**Q** 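This is the structure I have questions about; it appears just below.
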Amino acid sequence: MQTTDKVGCNILVELLARKGVRRVVLSPGSRNAPLIVAFVREPRIEHFVALDERSAAFMALGMAQQTGEPVALACTSGTALLNYAPAVAEAYYQHIPLIVVSADRPEEWIDQNDSQTICQREVFRNFVKASYVFPAEVSDNSERWYVNRMVNDAVNLAQEGCPGPVHVNIPLREPLYRTTEQDGIVPERVVERLATGSGLDKETVTRLAEEVSHCRRVMILASFGSPDSMLNEALSQLAGNPNIIVLTETIANLHDNRFIPTIDRVLSEMTPEEKRSLAPDLLITFGGSLVSRMVKTWLREVRPAAHWHLSLSSRITDTLQCLTRHIAVSSCTFLRQLADAVRCRESDYARLWQSLRERAARSHETYVDAASWSDMKAFSRLLPALPAGAVLQLSNSTPVRYAQLFEYAQVSRSDCNRGTSGIDGATSTAVGASVVQKGITVFITGDMGFLYDSNALWNQYVTPRLKIVVMCNDGGGIFRFIQGPSELPEQEEFFETSRRVDAEGFARLHGFACWSVSDEQALQEALPAFFAEQNAPALLAVHTPRERNAEVLRDYFKRTNLR
């Protein structure tokens with residue numbers, strides 16, 4: 001088979017294939033031509049092409065997010081690499097394995113005013129698990145061994161412990177377009193990493209289980225994570241104890257009738273007395289960063305006497321400012337061990353929380369049913385209508401926060417880029433997710449986020465399985481109900497930056513089937529056809545009044561005082 005004559009590129013691509021990397025997102029360029037040739041001519045790796053490197057990186061992130069498998073990226077030299085930065089940072093904090101590969105000029109040409117040449121060495125040093133630089137020439141066995149060792153290390157490291165991105169920088173000398181025959185080449189050595197996955201020793205588990213068993217008020221709080229049936233089973237077992245309550249965020253992807261998935265609406269129902277009496281004595285947390293500001297504020301105020309955080313990271317994470325124990329074991333492993341060892345104790349803690357949940361549900365329904373046309377009303381009709389088994393992607397800002405207020409367990413999973421919580425790249429992430437999912441992917445975004453990542457729409461891999469809902473609310477008005485910006489005269493011009501986004505125009509330009517609604521009845525009538533569209537990707541523009549949205553949401557969180 002003919003492929004590039006750059007030995008380092010061939011070693012990289014063959015090893016990626018042999019170590020289970022099944023997908024690569026390529027961006028066109030000249031300096032990365034040897035990488036493109038090596039990847040495209042490797043039949044074991046499926047390749048995708050995205051011109052905009054920022055969009056390409058988020059697309060790869062979406063693929064890796066859904067599959068749990070590492071996905072490779074490859075770009076040319078210069079500022080092309082810098083466009084990967086937002087997605088690389090997101091992957092780092094979301095613990096997603098990306099193999100970032102960049103072509104580069106040889107070292108002697110750095111800072112010599114040569115075109116498309118910048119200092120690329122360790123450019124992502126704060127947002128990758130490790131950086132690697134190939135030699136500019138791979139001409140002897142020692143250099144082959146060195147490159148082989150680096151690639152093995154990079155792929156292993158991307159997946160071990162807390163997964164995350166790694167960066168492989170490859171200086172390439174001209175000529176760049178020569179090919180050579182590769183038949184008969186000895187396969188590259190694969191260094192396999194075997195992880196034990198063992199949990200805590202029996203004595204430690206027994207001691208910790210006794211602490212849980214003797215505690216009258218135990219709260220387990222789950223933030224974002226991928227679906228995990230064994231973790232779900234362990235939590236369900238623990239939730240059967242009367243002294244344990246399990247709170248899960250929308251994007252925790254954990255479900256049981258005894259879990260409380262609508263944290264914000266339940267907390268907003270609390271009286272001052274309940275905020276004190278329902279505070280946990282022991283808090284157990286796991287997952288990524290929390291969406292709910294309300295639960296963070298409340299737990300920082302009540303300060304549980306004990307807080308255990310489960311994470312494979314070596315870094316101490318003390319978001320709630322009351323951490324007493326960092327348990328460096330996977331949440332699934334530890335909670336399975338704990339569930340088998342905990343002994344039931346008498347308590348009314350879980351019952352009181354479930355009573356509060358039921359009261360909050362009644363209050364929520366009463367308020368939402370009476371609410372006028374707004375984002376709140378639109379979400380109340382949209383989320384229950386999501387097709388069973390659909391994959392839900394949520395943009396940051398208001399969409400993910402509204403989603404926290406409703407129950408809709410019919411979707412197969414829910415995701416949002418909460419590693420860094422930016423709106424950049426959310427549409428591209430949804431595109432990537434839809435590529436690797438066989439069913440429907442529904443992406444709900446605000447108009448500003450939609451505009452920000454509109455390059456994702458001219459991605460050639462957008463399929464009819466992707467359904468985009470754009471909340472056209474002139475910027476969402478999130479700064480109208482965040483304390484601080486809402487009190488400043490600069491709010492509207494400099495914080496909200498309201499723009500009327502022609503979502504329908506974007507839809508027509510990129511060949512989307514399009515629906516546009518401006519009231520509740522029109523939304524309910526449009527949803528069946530929108531979700532059923534099979535011939536083209538579909539976009540639904542939901543127009544709501546900006547000022548009214550903020551009023552409805554503010555009053556919602558004050559509803560316990562309005563009754």
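Computed from a predicted structure; not experimentally measured.
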**Q** Are any non-hydrogen side-chain atoms of Tyr556 and His364 less than 4.5 angstrom apart?
**A** yes
**Q** Whether the side chain of Thr297 engages the backbone of Met294 through a donor-acceptor N/O pair (distance < 3.5 Å, no angle test) should be reported.
**A** no
**Q** Can any side-chain N or O of Ser213 pair as donor or acceptor with the backbone N or O of Arg343 at less than 3.5 Å?
**A** yes
**Q** Ignoring hydrogens and angles, write down the donor-acceptor pairs under 3.5 Å from the side chains of residues 244-251, residues two or more places apart or on other chains.
**A**
| residue | atom | partner | partner atom | Å |
| --- | --- | --- | --- | --- |
| Glu249 | OE1 | Val291 | N | 2.8 |
| Glu249 | OE2 | Val291 | N | 3.2 |
| Glu249 | OE2 | Ser292 | N | 2.8 |
| Glu249 | OE2 | Gln404 | NE2 | 2.9 |
| Thr250 | OG1 | Ala403 | O | 3.2 |
| Thr250 | OG1 | Gln404 | OE1 | 3.2 |

**Q** Could you go step by step and tell me if Phe286 and Phe334 meet the ring-ring contact (aromatic ring centres under 6.0 Å, His included) rule?
**A** CA-CA 11 Å; Phe286 64 92; Phe334 174 73; 9.8 Å; no
**Q** For a 4.5 angstrom cut-off between non-hydrogen side-chain atoms, does Tyr84 reach Leu98?
**A**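 No, their side chains stay 4.5 Å or more apart.
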**Q** Tell me which pairs pass ring-ring contact (aromatic ring centres under 6.0 Å, His included) where either residue lies in residues 233-283, with sequence neighbours left out.
**A** none
**Q** More than 12 heavy atoms of other residues, nucleotides or ligands under 6.0 Å from CD of Gln534: is that the case?
**A** no
**Q** Looking at Arg345, is its backbone amide N or carbonyl O close enough to the side chain of Asn243 to form a donor-acceptor pair, meaning the two atoms are under 3.5 Å apart?
**A** no
**Q** Atom CG in Leu523, atom CZ in Arg381: separation rounded to 0.5 Å?
**A**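 With rounding to 0.5 Å, CG (Leu523) is 9.0 Å from CZ (Arg381).
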**Q** When you measure from the side chain of Asn473 to the backbone of Arg546, do you find a donor-acceptor pair of N or O atoms at a distance under 3.5 Å?
**A**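 No, the answer is negative, given that no donor and acceptor are paired below the 3.5 Å cut-off.
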**Q** Does Ser518 offer a backbone N or O that forms a donor-acceptor pair with the side chain of Trp373 under 3.5 Å?
**A** yes
**Q** Could you grab the distance from atom CH2 of Trp298 to atom CE of Met270, nearest 0.5 Å is fine?
**A**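 Spacing of CH2 (Trp298) from CE (Met270) equals 4.0 Å.
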**Q** Return the CG to OG1 distance between Leu299 and Thr319, rounded to the nearest 0.5 Å.
**A**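 The OG1 atom of Thr319 is 11.0 Å from CG of Leu299, to the nearest 0.5 Å.
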**Q** So, for Ala456 and Val431, which heavy atoms are closest and what is the spacing to 0.1 Å?
**A**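 Closest approach of Ala456 to Val431, heavy atoms only: O-CG2, 4.1 Å.
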**Q** What do you reckon, are the aromatic ring centroids of Phe124 and Tyr92 less than 6.0 Å apart?
**A**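 Phe124 vs Tyr92: aromatic centres not under 6.0 Å.
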**Q** Is a donor on one side and an acceptor on the other found under 3.5 Å between the side chain of Ser454 and the backbone of Leu451?
**A**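 Side chain of Ser454 to backbone of Leu451: a pair is present.
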**Q** Determine whether His307 and Thr324 satisfy the following criterion, side chain to side chain donor-acceptor pair (under 3.5 Å), listing intermediate values before the conclusion.
**A** CA-CA 5 Å; His307 173 202; Thr324 57; over 6 Å; no
**Q** Show your working on side-chain contact (heavy atoms from CB on, under 4.5 Å) between Leu335 and Leu310 and close with a plain yes or no.
**A** CA-CA 9 Å; Leu335 292 172; Leu310 316 178; 4.0 Å; yes
**Q** Applying side chain to side chain contact (heavy atoms under 4.5 Å, CB included), can you list everything that pairs with Ala433, at least two apart in sequence or on another chain?
**A**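 Testing Ala433 for side chain to side chain contact (heavy atoms under 4.5 Å, CB included), a comparison that skips the adjacent residues, returns Gln66, Gln393.
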**Q** Which pair of heavy atoms, one from Val71 and one from Ala60, lies closest together, and at what distance?
**A** CG1-CB, 3.7 Å
**Q** Would you say that Ile327 contacts Leu208 through its side chain, given a criterion of any heavy-atom pair below 4.5 Å between the two side chains?
**A** yes
**Q** Report the relative orientation of the aromatic rings in His510 and Phe506; use parallel for angles under 30°, tilted for 30 to 60°, perpendicular for over 60°.
**A**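 Ring orientation, 0 to 90° scale: parallel.
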**Q** Could you walk me through whether Ser412 and Val391 satisfy the side-chain contact (heavy atoms from CB on, under 4.5 Å) test, starting with their C-alpha distance in whole Å, then the side-chain angles of each, then the deciding distance to 0.1 Å, before giving a yes or no?
**A** CA-CA 6 Å; Ser412 65; Val391 167; 3.5 Å; yes
**Q** Within the supplied structure, the quantity of interest is the number of heavy atoms (other residues, nucleotides, ligands) at a distance under 6.0 Å from Glu273 CD; does it exceed 12?
**A**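 Correct, the count exceeds 12.
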**Q** Is there side-chain contact between Phe450 and Cys472, with at least one heavy-atom pair below 4.5 Å?
**A**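 The answer is no; the side chains never approach within 4.5 Å.
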**Q** Show the nearest heavy-atom pair for residues Val435 and Arg465, with the distance to one decimal.
**A**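 Heavy atoms only, the tightest pair is O-NH2, 3.7 Å.
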**Q** Is there a side-chain contact between Leu405 and Met376, using heavy atoms and a 4.5 Å cut-off?
**A** yes
**Q** Where is the tightest heavy-atom contact between Leu356 and Glu274, given as atom of each residue plus distance?
**A**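 Result for this residue pair: CD1-OE1, 3.9 Å.
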**Q** What verdict does the side-chain contact (heavy atoms from CB on, under 4.5 Å) test give for Ile468 and Leu457, after you've listed the backbone C-alpha separation in whole Å, the side-chain angles of each residue and the deciding distance to 0.1 Å?
**A** CA-CA 10 Å; Ile468 299 179; Leu457 301 182; 3.9 Å; yes
**Q** Which atoms form the tightest heavy-atom contact between Lys377 and Val368, and what is the distance?
**A** NZ-O, 2.8 Å
**Q** When you measure from the side chain of Arg216 to the backbone N and O of Ser347, does any donor-acceptor pair fall under 3.5 Å?
**A**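 No.
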**Q** For atom CD of Glu365, is the number of surrounding heavy atoms from other residues, nucleotides or ligands below 6.0 Å larger than 12?
**A**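 For Glu365, atom CD is crowded (more than 12 foreign heavy atoms under 6.0 Å).
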**Q** Going by heavy atoms in the side chains, are Asn396 and Thr420 under 4.5 Å from each other?
**A**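 SC-SC contact between Asn396 and Thr420 ruled out.
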**Q** Given side-chain contact (heavy atoms from CB on, under 4.5 Å), test Ser331 with Leu231 step by step and report yes or no.
**A** CA-CA 7 Å; Ser331 53; Leu231 172 59; 4.1 Å; yes
**Q** Taking everything shown except Glu407 itself, do over 12 heavy atoms lie less than 6.0 Å from its CD?
**A** yes
**Q** Just do the side chain to side chain donor-acceptor pair (under 3.5 Å) check on Ser428 and Ser55 with the steps written out, would you?
**A** CA-CA 5 Å; Ser428 297; Ser55 184; 2.5 Å; yes
**Q** Under 3.5 Å, side chain of Gln237 to main-chain N/O of Ala339, donor-acceptor pair present?
**A**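 Checked: pair present.
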**Q** What distance separates Arg258 CZ from Asn241 CG, expressed to the nearest 0.5 Å?
**A** 9.0 Å
**Q** Using side-chain heavy atoms (C-beta onward) and a distance below 4.5 Å, is Glu211 in contact with Trp308?
**A**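 Yes. Closest side-chain heavy atoms under 4.5 Å.
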**Q** By side chain to side chain contact (heavy atoms under 4.5 Å, CB included), which residues pair with Ala350, not counting sequence neighbours?
**A**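 Per chain and number, Ala350 pairs via side chain to side chain contact (heavy atoms under 4.5 Å, CB included) with no residue.
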**Q** What pair of heavy atoms forms the shortest contact from Cys162 to Ser311, and how long is it?
**A**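 In this case the closest contact between Cys162 and Ser311 is SG-OG, 4.2 Å.
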**Q** Roughly how far, to the nearest 0.5 Å, is the SG atom of Cys215 from the CD atom of Glu210?
**A** 13.5 Å
**Q** More than 12 heavy atoms of other residues, nucleotides or ligands under 6.0 Å from CG of Asp369: is that the case?
**A**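 Enclosed: over 12 neighbouring heavy atoms sit under 6.0 Å from CG of Asp369.
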**Q** In chain order, what residues pass the side chain to side chain contact (heavy atoms under 4.5 Å, CB included) check against Glu504, with sequence neighbours excluded?
**A**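 By the side chain to side chain contact (heavy atoms under 4.5 Å, CB included) rule, Glu504 matches Asp502, Arg508, Cys514, Ser516, Ala541, His543.
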**Q** Given side chains that start at C-beta, do those of Trp353 and Val266 come closer than 4.5 Å, heavy atoms only?
**A** yes
**Q** How long is the gap from CG on Asp424 to CD on Glu90, to the nearest 0.5 Å?
**A** 8.5 Å
**Q** Check this for me: does any side-chain nitrogen of one of Asp375 and Arg548 sit under 4.0 Å from a carboxylate oxygen of the other?
**A**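 No, this pair does not count.
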**Q** Under a 3.5 Å distance rule, please check whether Ser355 uses its side chain to pair with a backbone N or O of Arg351 as donor and acceptor.
**A** no
**Q** Among all residues two or more places apart in sequence or in another chain, which pass the salt bridge (Lys or Arg N to Asp or Glu O under 4.0 Å) test with Asp519?
**A** none
**Q** Regarding Arg362 and Glu269, does a basic nitrogen lie under 4.0 Å from an acidic carboxylate oxygen?
**A** no
